[in-house]
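Read the structure below first, then the notes.
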Amino acid sequence: MTQLPIAVHIGSEAPEQWEELEERQRRNNGDLGRHLSEKRRPSVASPDLDWPAMGFEPRWVGLDTADCSAALQPSIFSGQGADEFNRFRQGAEGRGEVALVISPIGEPQDGSRNTDNIFGPPVDSVLIGRTQTSVAGQRIGQGARIRVVDKVGDADRELALRVLNWNPTPTWRSLSLIGTTLESVHGQEQHAPEGTLLPILETELGEPVVAVWLSRDGVERRYIVPVEVPWKLLLSWLLEKAMPEFVPDTLRRARRVMAFDEYLMTRSERDARSALTALDADYAARRRQLETQLKVAESAAAATREGLLYGTGQQLVAAVTSVFEYAGVDVINLDEELGGTKNADLLCAHGGTSLLVEVKAATGSAPERAYQDLVRHMREWTTLPGATPIRGGVLVISHDLRAIPHERNASPYTRPEFLNNIFGNELEMSNGCPLSSQEWNSGDSRAPRIPVGRVA
């Protein structure tokens, strides 16, 4: 069966008109006036978009749009697409269909910005016709963590995943719905925003960065996406996911029913489609399960990792304690047990052997005094009432905190005189952290034994 192209309204002049304007700009830029000189072709009018190959018939500004099935980057300005958008919307409403709209937000890198906000960062906006409403987008700094919103529909989730997995990462903007304040001789007239803005992708703070605006009358479903997202991605999603879910009659009119109309499928087609649907559902459920497991694992590891890599004082002691306990070592916090910093930080026991553990942090090089503190604590330990017999001590050092972990010195101590003094006193040093089970259970009575452990 021959498939028909699906008509879509585009709020822009045709590529041929842009080529003519661009040629005039090259030849007579100074004589065109500021408006025409600064006018830039939108990406939706790029000559690289092969509309027939993608299954669409573009209806540019100046063409009738009453039978269109979607609107791409529509305009609210008279003579620039407002009339065409209104006819598109009226046509969808008359057929009892959803008016699908895609509105990119932001300025492309080569675009021109005529206004700037002197009171804060740039704010982009999408004006919504027939209302005193707009969607504002305030730019978010690079590196923001973006996630798919829970409990969105199949088509919306697919859009979220395609945008999230697209490379390079677009400029994210925090989206919000705002109304309008009109000034007149009678004073200010406040207009509250209309409709509902539902997030599809959001930041960790719950800020929408990709969202769908639903009109109050239920006719319009408008997707707000970053301007950097390519139209080929959006158009393939529109044809494959959005239209089958929201305007399936469009596909029937375009004779694409074999792929979407279950009543006209053969048994083999229905079985294959059912299997594919089940596979997608299983994948989505499995992905959500793994995402939950990852969040739990990250949450459990975050405090220990942060403490080991950048912690000082009790934060570092707590992180070292958690590592020892995870390895099956019994740990007593001596500051809590003795009621203050009267000796080492920890008393650790494993396999019948006990050791004192001194935990130190340094923004720069490992202090030699930390070693001397541990030696002193070991000598004083036997004078404490009811002190547990110990075999030796362990010094755990977290140093070079100003540097990133992979650039920190692997050896806490390197000064030859200091090292010779240690070995001259018949004290053994080890770069292992912590003691292995063989060292804990060796039964070697030589004393004192002071391994030096390096954190990360």
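Atom set for the values below is all heavy atoms of this structure, side chains included, hydrogens, waters and symmetry mates excluded. Treat the numbers as computed from the prediction; the structure is a model and nothing was measured.
Under the 4.5 Å side-chain criterion, counting only non-hydrogen atoms from C-beta, Leu395 is in contact with Ile397. Side-chain contact between Ile404 and Leu309 is absent, with no heavy-atom pair separated by less than 4.5 Å. Residues Arg130 and Arg89 have side chains in contact (heavy-atom distance under 4.5 Å, counting atoms from C-beta outward). In this structure, the side chains of Ile390 and Trp381 come closer than 4.5 Å at one or more pairs of heavy atoms.
For the residue pair Thr196 / Trp213, no side-chain donor-acceptor distance below 3.5 Å is found, with atom types taken as modelled. There is no side-chain donor-acceptor pair under 3.5 Å between Tyr413 and Arg415. Neither side chain, Gln372 nor Arg369, offers a donor N or O lying under 3.5 Å from an acceptor on the other. Between Arg222 and Ser103, the side chains place a donor N or O and an acceptor N or O closer than 3.5 Å (distance only, hydrogens not considered). For the residue pair Ser354 / Thr388, no side-chain donor-acceptor distance below 3.5 Å is found, with atom types taken as modelled.
Put simply, the side chain of Thr304 never gets that close to the backbone of Ala301: no donor and acceptor are under 3.5 Å apart. Under the 3.5 Å distance criterion, the side-chain polar atoms of Thr180 are matched with a main-chain donor or acceptor of Gln132. Remark: the backbone N or O of His377 is paired with a side-chain donor or acceptor of Asn343 at under 3.5 angstrom. Distance alone, capped at 3.5 Å, is enough to place a donor-acceptor pair between the Asp345 side chain and the Val359 backbone. A donor-acceptor pair is defined here as one N or O able to donate and one able to accept, closer than 3.5 Å; such a pair exists between the side chain of Ser215 and the backbone of Glu220. Between the side chain of Ser299 and the backbone N or O of Lys295, no donor-acceptor pair lies under 3.5 Å. Within the 3.5 Å criterion, the main-chain N or O of Leu214 finds no donor-acceptor partner in the side chain of Arg221. Between the side chain of Asn165 and the backbone N or O of Leu161 there is at least one donor-acceptor pair closer than 3.5 Å. Side-chain atoms of Asn333 come within 3.5 Å of backbone atoms of Glu336 as a donor-acceptor pair (strictly under, hydrogens ignored). Looking at Thr203, its side chain never comes within 3.5 Å of a backbone N or O of Ile146 through a donor-acceptor pair.
For Asp280 and Arg287, the salt-bridge test fails: no basic side-chain N is under 4.0 Å from an acidic carboxylate O. Comment: Arg139 does not engage Glu228 in a salt bridge, judged by the lack of any side-chain N to carboxylate O separation of less than 4.0 angstrom. One finds a salt bridge joining Arg376 and Asp373 here, because a Lys/Arg side-chain nitrogen approaches an Asp/Glu carboxylate oxygen to under 4.0 Å. Between Asp156 and Lys151 there is no salt bridge, since no side-chain N of the basic residue sits under 4.0 Å from a carboxylate O of the acidic one. Under the 4.0 Å criterion applied to side-chain N and carboxylate O atoms, Glu245 and Lys241 are not assigned as salt-bridge partners. The pair Glu38-Arg40 fails the salt-bridge criterion, with no side-chain N (NZ, NE, NH1 or NH2) lying under 4.0 Å from an Asp/Glu carboxylate O.
Nearest heavy-atom pair, Gly137 versus Leu175, reported as atom, atom and distance to 0.1 Å: CA-CD2, 4.0 Å. Of all heavy-atom pairs between Arg162 and Leu233, the closest is O-CD1, 3.6 Å. A pairwise comparison of heavy atoms in Val44 and Ser12 identifies CG1-CB, 4.3 Å as the closest pair. Met243 approaches Ser69 most closely through the heavy-atom pair CE-CB, 3.9 Å. When all heavy atoms are compared, the tightest approach of Val331 to Cys348 is CG2-SG, 4.0 Å. When every heavy atom of Thr382 is checked against every heavy atom of Arg379, the shortest pair comes out as OG1-O, 3.4 Å.
Heavy-atom contacts from other residues, nucleotides or ligands closer than 6.0 Å to CD of Glu337 number 12 or fewer. Within 6.0 Å of CD on Glu417 lie more than 12 heavy atoms contributed by other residues, nucleotides or ligands.
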ring-ring contact (aromatic ring centres under 6.0 Å, His included) between Tyr223 and Trp237, intermediate numbers included | CA-CA 12 Å; Tyr223 289 88; Trp237 166 79; 5.0 Å; yes
